[in-house]
Participant: 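Pasting a structure here, questions to come.
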2 protein chains.
Amino acid sequence: MATAAAPWGEALRAHGYRITPQRQFVFEAVTDLGHGTPEEILAWVQSRSPGVNLSTVYRALEVLEEVGLVTHAHLGHGAPTYHEVDDEVHVHLVCAGCQEIDSVPAQMAQGFIDALERDRGFSTDIGHMTVQGLCRRCRAAGKSGRPRGVDRT
Amino acid sequence: MATAAAPWGEALRAHGYRITPQRQFVFEAVTDLGHGTPEEILAWVQSRSPGVNLSTVYRALEVLEEVGLVTHAHLGHGAPTYHEVDDEVHVHLVCAGCQEIDSVPAQMAQGFIDALERDRGFSTDIGHMTVQGLCRRCRAAGKSGRPRGVDRT
DNA sequence: GTAGGTGCAAAGATTTTGCAGTGCT
DNA sequence: AGCACTGCAAAATCTTTGCACCTAC
């Protein structure tokens, strides 16, 4: 039973990394949360193992990203959000009103992506694509996105 | 000649803000640079007026954004990039290889945006839309985007 | 047993804020 | 002349790094 590693563990092994409970918790957090910032992931992990440190979360995410288990996207502000890789590729929709994150299947953007490829030779990293805007609910509530004032486009 | 304000000045006046050389420089920097981070904007401004402080740049950008002269988008990492508002609305293309920023007219994404509107009731803030990927040059050079390794999609 | 991994604390980087002096209106 | 704006410096965030101890293999 020496090498009875779970599939996610395999990925670590394959890259010469060790399997540790901290890394497992971090990966589970990402999987469970769907989308999470380092802070949110830490909170989740600490609910199982209070001693885990923020820097460990950062380092674990770095490793998990390198071995291809998770990715991150930059949504609003400066908050990087991590999510699992192996589920269906999707585009992130960030609501400027409620900060909520929605996802849509990548195919919806296919035409656009093809156009970029054709016209610019630009190869899109679909999973990192971020779309800012206002969700249905916030539009109905008449929110304008940013608190300040006029926000053209 | 009391109120001989330039068009950009008008916008400030209209919102009760004063016209100052610092704000003018910051706005010129944004216009001239096309895309710029606060740091880059500071550098540009200081080339004209060395005494200007970083915090002044931040405050000026905040004001200029409020009156609708500039906007910002979050491109790679945590670097907010500011650009002029009144030119044609465009989508940002960020190359993961060379960090360069390209723009494409918003119409290219129209189909996608319409689909989001139709299916999700999501109103897209086109100017803030960010697309990560690899530009033609970096693809040719065989870059993979992130230095680390595998990067799916 | 050994090298990689973790926790802790300090260092960095980036953005924000308080305050007194300055300059736009 | 009044009050918003600026410069400076300190505070607040968020992320990274150095080091001694611990643990997976």
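In the text below, chain A, chain B and the rest are named by the order of the sequence lines, each starting its count at 1. On a predicted model such as this, the values are computed, not experimentally measured, just so you know.
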Participant: Looking at D/dT23, I'd like to know if its phosphate oxygens (OP1 or OP2) sit under 4.0 Å from a side-chain N or O belonging to A/Q22.
Facilitator: no
Participant: Between B/R136 (side chain) and A/E117 (backbone), is there a donor-acceptor pair under 3.5 Å?
Facilitator: no
Participant: Which nucleotide sits closest to the side chain of B/R13: C/dG7, C/dT15, C/dT25?
Facilitator: C/dT25
Participant: Please report, rounded to the nearest Å, how far the C1' atom of C/dG21 is from the CG atom of B/N53.
Facilitator: 14 Å
Participant: Any side-chain to backbone donor/acceptor pair from A/T20 onto A/R23? Under 3.5 Å, distance only.
Facilitator: yes
Participant: Hey, do the aromatic rings of A/H72 and A/H83 have their centres closer than 6.0 Å?
Facilitator: no
Participant: Within this structure, what is the CG-to-P distance between B/L42 and C/dA13, rounded to whole angstrom?
Facilitator: 16 Å
Participant: Rounded to whole angstrom units, what separation is found between the CZ atom of A/F25 and the P atom of C/dG7?
Facilitator: 11 Å
Participant: Base of D/dC3, side chain of B/R18 - is there a donor-acceptor contact under 3.5 Å?
Facilitator: yes
Participant: Rounded to whole Å, how long is the line connecting atom CD of A/Q24 with atom C1' of C/dT6?
Facilitator: 16 Å
Participant: Which label fits B/H35 and B/H92: parallel for a plane angle under 30°, tilted from 30 to 60°, or perpendicular past 60°?
Facilitator: perpendicular
Participant: How close or far is atom P of C/dT6 from atom CD of A/Q46, stated in whole angstroms?
Facilitator: 14 Å
Participant: Using a cut-off of less than 4.0 Å, is there contact between a side-chain N or O of A/T56 and OP1 or OP2 of C/dT6?
Facilitator: no
Participant: Which of these nucleotides, D/dA9, D/dC5, C/dT15, is closest to any side-chain atom of B/S55?
Facilitator: D/dA9
Participant: Rounded to whole angstrom units, what separation is found between the CD atom of B/E62 and the P atom of C/dT14?
Facilitator: 19 Å
Participant: Just to be sure I understand the rule, does A/G51 reach a base, reach only the sugar-phosphate, or reach nothing, if contact means heavy atoms closer than 4.0 Å?
Facilitator: sugar-phosphate
Participant: In whole angstrom, give the distance that lies between atom CD1 of A/I19 and atom C1' of D/dT23.
Facilitator: 14 Å
Participant: Does a distance-only test, which skips hydrogens and angles, find a donor-acceptor pair under 3.5 Å between the side chain of A/R59 and the base of C/dG7?
Facilitator: yes
Participant: Given 3.5 Å as the limit, does a donor-acceptor pair link the side chain of B/Q46 with the main chain of B/V52, or not?
Facilitator: yes
Participant: Would you please confirm or rule out a distance under 4.0 Å between OP1 or OP2 of D/dT6 and any side-chain N or O of B/T20?
Facilitator: yes
Participant: Write down the distance between CD (B/E39) and P (C/dT16), rounded to a whole number of angstrom.
Facilitator: 13 Å
